[in-house]
Amino acid sequence: MKFDFTLLTIDHAKIIADWRYHGFEKQLYMQPYFEAYEQKGKLIGPGGCIGFAALHQGNIAGLFEYYNKSTPMNIGLALNPEAGRKRIGMHICTSRY
């Protein structure tokens with residue numbers, strides 16, 4: 001399964017902000033992206049992270065974020081709830097781009 005990772009855009013962020021999960025997962029914290037975009041014209045996520053959209057066949061399958069302020073580097077991954085139901089999450093984690 002092939003994924004393309006692209007720098008997060010405001011349109012991606014709006015789609016991801018609408019993702020809803022059921023169960024133990026918490027909602028994604030997308031507000032910092034919108035605030036940074038309004039104030040600075042840049043998409044900067046929580047804690048100053050950089051966000052990427054994981055695209056599969058042109059659709060957003062996941063959000064990948066990384067924080068490089070300390071050692072070790074912190075990374076985050078969120079799956080589109082629809083992608084999770086299709087069990088493609090493990091493919092994102094092992095994708096070569």
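Residue numbers count from 1 along this sequence. The figures here come from the full heavy-atom set of this structure, side chains too, leaving out hydrogens, waters and symmetry mates. This is a predicted model, so every value here is computed, not measured.
Residue H56 comes nearest to A61 through the heavy atom pair CB-CB, 4.1 Å, listed as atom of the first residue, atom of the second, then distance.
Residue pairs satisfying the side chain to side chain donor-acceptor pair (under 3.5 Å) criterion with at least one member in residues 57-66, sequence neighbours excluded, are listed as follows: Y33-E65.
Note that the CD1 atom of I60 and the OG1 atom of T9 stand 6.5 Å from one another [nearest 0.5 Å]. Note that the CG atom of L63 and the CD1 atom of I15 stand 12.0 Å from one another [nearest 0.5 Å]. The CG atom of D4 sits 8.0 Å away from the OG1 atom of T6 when rounded to the nearest 0.5 Å.
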Please tabulate, for the side chains in residues 37-50, all donor-acceptor contacts under 3.5 angstrom to protein atoms that are two or more places apart in sequence or on a different chain.
none

Hey, mind stepping through H12 and F52 against side-chain contact (heavy atoms from CB on, under 4.5 Å) and telling me if it holds?
CA-CA 9 Å; H12 295 144; F52 294 87; over 6 Å; no
